Amino acid sequence: MIRFTNTLTRQLEEFRPQGDVVSIYVCGITPYDDSHIGHAMSYVIFDVLKRYLLWRGYAVKHVQNFTDIDDRIIERANRLKITTDELVARYMAAYNDDMRDLNVLPADEYPRATREVPGMIRMIEGLIEKGYAYEAASPQSEWPDVYYRVGAKADYGKLSHRTQDSLLAGARVESGEQKENAADFALWKGAKAGEPSWDSPWGKGRPGWHIECSAMSLHYLGERIDIHGGGEDLIFPHHENEIAQSEAYTGAAPFVRYWLHNAWVKMGDEKMSKSLGNFITIRDGLNKVGGDGLRLWILTSHYRKPLTFSEETLEAAQHGAARLRTAARAPSDDGDGGIDTAATRERFTAAMDDDLNTPQALAVLFDLAKEINRARDEGRGVRDAQALLLDLADVLGLRLEAAQEAIEAAPFIELLIQVRSDLRAAKQWALADQIRDGLAALRITLEDGPQSTTWKPDEAGSSATPTSR
RNA sequence: GGCGACGUAGCCAAGUGGCAAGGCAGGGGUCUGCAAAACCCCCAUCACCGGUUCGAAUCCGGUCGUCGCCUCCA
């Protein structure tokens, strides 16, 4: 029985999808800059969720948006003197490269806000008709804004567990805004000079932030979806507002059955974020410790607990990934090595069933790796156990690939190893060590086994696929 | 002010009533020409105080400390 902590109820709940295909909507990025490892945490977590559901036999439909129009995009494009489309294309490509190297499975659909405007307009019109939204003059535009009327539904605040009074107390009103209520939020913004805009029943303008996810999840996944995921900071206001709009518009509730939110990456004691400027990019992380290293680092902590970043923890993850890789890829004969593979699989499943407890699932993998190594040392064949390790690692998105093939210099390295073997046979230790040290300087490690010498590149430098950027 | 999270070994991090997972780092061994890898062994009474209980890291009360959301944010 799979259980998830549902933000809506704050309870651990049994997962029971409504139909044959589990519908998942994950809030995507706003492509105006490189993504950092905090974003990686979120997308890796939801990738593991999806991989686990698939492994357990569910069919999944995963939709993830790109917010390709917003203030930050407009500002940045203006500063770089390029169009918003050019800016967005650049950072969407960068994001896709990052996800590929992190081994994140592609979503089934990647809708873009700017391509879904008609759907949003229909929704806003519907909300106005039903009395949930209203037009108001904009202080900065000749065209009006449209706001959602927060007070129209009594359950507003149910996701973030706030009362309307408390929200009112904290709400901010930009000068000149003609909101009925300070907590009301924009569905549509009247166009300002020099901004991209679309025609609408209210004149020229652009959609507000929250409406896109409601419109796109409705379009691609229907009125009720199984799982909606995102970072903790999206709970309020973004997801709260999505619920309000969607349920008001369709009349179907709940809009989402299971709300899942991941916690933060911390830099020391602070949250890693763009605004604090204390982030490292996914690309930097990949270059340092590789895709497996970065993923393992993320999964060593439970997704609902903050994850602490440091160079040391990142390196620790890289070394851990190398340990798993060694166990999984070491040459071996057929056999399970006397290892209880069924029990291992069960332990792994129990951990993952329990609200995706990846730290415990990883502990199972490390235990299995140790058993494999031990059995090999004792001369038993372990290929079946290795297959299990690779299978379970794949559920976590860890490739554990032996990276030799990727290196063009492989034949030359093999040649050097052959020469060195002859030197060793002749007990020419100094020369043999010279070759080993020389290769080490080039980030190639040699390991002398009883029968033969194997080699491996440093993970970070080799496994990262070259990118076009 | 409102809502919430957290404080477990040198570092990271599971565990939420019954002798404290796992990883990294460190120390000692085995193996090896030496190394690397691997294997074996060692390395914590869970922020503090009080309470409930046969029994608490785990429940209750309090103290101290840290962080997040309430405004764009994964």
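Note that the structure is a prediction, hence the values are computed from the model and not measured. Throughout, protein chains are lettered first and strands after them, A, B, ... in sequence-line order, and every chain is numbered starting at 1.
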Could you check which nucleotide pairs with B:G68 in any of the strands shown, counting Watson-Crick or G-U wobble with both distances under 3.5 Å? B:C3

Examine the base of B:G23 for any acceptor or donor lying under 3.5 Å from a partner atom in the side chain of A:Arg323, and report the outcome as yes or no. no

Going by purine N1 to pyrimidine N3 plus the second Watson-Crick contact, or the G-U wobble pair, all under 3.5 Å, which nucleotide sits opposite B:G61? B:C49

Between P of B:A36 and CG of A:Asp437, the distance in whole Å: 12 Å

Counting side-chain heavy atoms from CB outward, which of B:G4, B:A36, B:C69 is closest to A:Glu447? B:A36

Among pairs that include at least one residue of residues 412-453 of chain A, which meet ring pair (Phe, Tyr, Trp, His ring centres under 6.0 Å), considering only residues two or more places apart or in two chains? none

May I ask you to say whether A:Asp33 pairs ionically with A:Arg72, meaning some side-chain N is under 4.0 Å from a carboxylate O? no

What's A:Arg72 touching, base or sugar-phosphate or nothing? Going by heavy atoms closer than 4.0 Å. sugar-phosphate

Any N or O donor-acceptor pair linking the side chain of A:Asp448 to the base of B:C34 at under 3.5 Å? yes

Using atom C1' of each nucleotide, how far apart are B:G50 and B:A44 to the nearest Å? 24 Å

What does A:Asp433 touch in the nucleic acid at a heavy-atom separation under 4.0 angstrom: a base, only the sugar-phosphate, or nothing? base

Can you tell me if A:Trp429 is stacked onto the base of B:G33, using a 5.5 Å centroid cut-off and an angle below 30°? yes

Quote, to the nearest angstrom, the C1' distance that separates B:G55 from B:U45. 14 Å

Need one value for A:Arg347: base, sugar-phosphate or nothing, where a base atom within 4.0 Å counts as base even if backbone is also close, heavy atoms only. nothing

Using the C1' atom as the point on both nucleotides, what is the distance between B:U52 and B:C42, in whole Å? 37 Å

Report yes if a side-chain nitrogen or oxygen of A:Lys427 is closer than 4.0 Å to either non-bridging phosphate oxygen (OP1 or OP2) of B:C34; otherwise report no. no

With sugar-phosphate meaning primed atoms plus P, OP1 and OP2, does A:Ile45 contact a base, only sugar-phosphate, or nothing at under 4.0 Å between heavy atoms? nothing

Regarding A:Lys271, tell me which of base, sugar-phosphate or nothing describes its non-hydrogen contacts under 4.0 Å with the strands shown. base

Is the phosphate of B:A25 approached by A:His319 (side-chain N or O, under 4.0 Å from OP1 or OP2)? yes

Using the ring pair (Phe, Tyr, Trp, His ring centres under 6.0 Å) rule, collect all pairs that involve residues 298-332 of chain A, keeping only residues at least two apart or in two chains. A:Trp297-A:Phe309

Nearest-Å distance once atom C1' is located in both B:G26 and B:A9: 12 Å

Heavy atoms from C-beta onward define the side chain here; which of B:A38, B:A74, B:G22 lies closest to that of A:Ile29? B:A74

Distance-only side-chain donor-acceptor flag, A:Asn241 / A:Tyr156, under 3.5 Å: yes

Base, sugar-phosphate or nothing for A:Gly230? Non-hydrogen atoms, less than 4.0 Å. sugar-phosphate

Residues at least two apart in sequence or cross-chain that pass ring pair (Phe, Tyr, Trp, His ring centres under 6.0 Å) with A:Phe4, listed by chain then number, are A:Phe15

Sugar-phosphate only, base, or nothing, as touched by A:Asn373 at under 4.0 Å among non-hydrogen atoms: sugar-phosphate

Does A:Glu232 or A:Gly320 map to a spot on RNA chain B nearer the 5' end, using the closest nucleotide for each? A:Gly320

Considering residues at least two apart in sequence or located in another chain, which fulfil the salt bridge (Lys or Arg N to Asp or Glu O under 4.0 Å) criterion with A:Arg295? A:Asp47

Would you say A:Gln11 and A:Asn6 are linked by a side-chain donor-acceptor pair, where the criterion is simply a distance under 3.5 Å? no

Determine the Euclidean distance between corresponding P atoms of B:A36 and B:G29; express it in Å to zero decimal places. 14 Å

Under 3.5 Å on both distances, the Watson-Crick or G-U partner of B:C19: none

Please give, in whole Å, the distance from B:G22 P to A:Leu296 CG? 15 Å

Scan nucleotides 40-44 of chain B against the protein and return all N/O pairs shorter than 3.5 Å with their distances rounded to 0.1 Å.
residue, atom, partner, partner atom, Å
B:C40, OP1, A:Arg374, NE, 2.9
B:C40, OP1, A:Arg374, NH2, 2.5

Please check if any side-chain donor atom of A:Trp455 sits under 3.5 Å from a side-chain acceptor atom of A:Glu447, or the reverse. no

Mind checking ring pair (Phe, Tyr, Trp, His ring centres under 6.0 Å) for A:Phe255 and listing every partner two or more places apart, or none if nothing turns up? none

Once you apply the 3.5 Å cut-off to both distances, tell me the Watson-Crick or G-U wobble partner of B:C31, or none. none

Inter- and intrachain pairs under salt bridge (Lys or Arg N to Asp or Glu O under 4.0 Å), touching residues 35-44 of chain A, at least two apart: none

What is the nucleic acid contact for A:Arg420, judged by heavy atoms within less than 4.0 Å: base, sugar-phosphate only, or nothing? base

Quick one: on RNA chain B, does A:Leu276 or A:Ser160 contact a more 5' nucleotide (nearest heavy atom)? A:Ser160

Taking donor-acceptor contacts at under 3.5 Å, does the side chain of A:Arg436 reach the base of B:C34? yes

Does A:Arg325 put a side-chain nitrogen or oxygen below 4.0 Å from OP1 or OP2 of B:A37? no

A:Arg304 side chain N/O closer than 4.0 Å to the phosphate oxygens (OP1, OP2) of B:C6? no

For residues 330-342 of chain A, pull every pair meeting salt bridge (Lys or Arg N to Asp or Glu O under 4.0 Å), keeping only residues two or more places apart or in separate chains. A:Asp334-A:Arg383

Separation of A:Thr67 OG1 from A:Ile73 CD1 (nearest 0.5 Å): 7.5 Å

Heavy atoms under 4.0 Å, any strand shown: does A:Val26 hit a base, just sugar-phosphate, or nothing? nothing

Interface polar pairs with nucleotides 9-15 of chain B, N/O, under 3.5 angstrom:
residue, atom, partner, partner atom, Å
B:A13, OP1, A:Thr308, N, 3.4
B:A13, OP1, A:Thr308, OG1, 3.2
B:A13, O2', A:Thr300, O, 3.2
B:A14, OP1, A:His302, N, 2.7
B:A14, O3', A:Asn357, ND2, 3.2
B:A14, O2', A:Gln360, NE2, 2.9
B:G15, OP1, A:Asn357, ND2, 3.0

Tell me: CG of A:Asn241 to P of B:C69, nearest whole Å? 17 Å

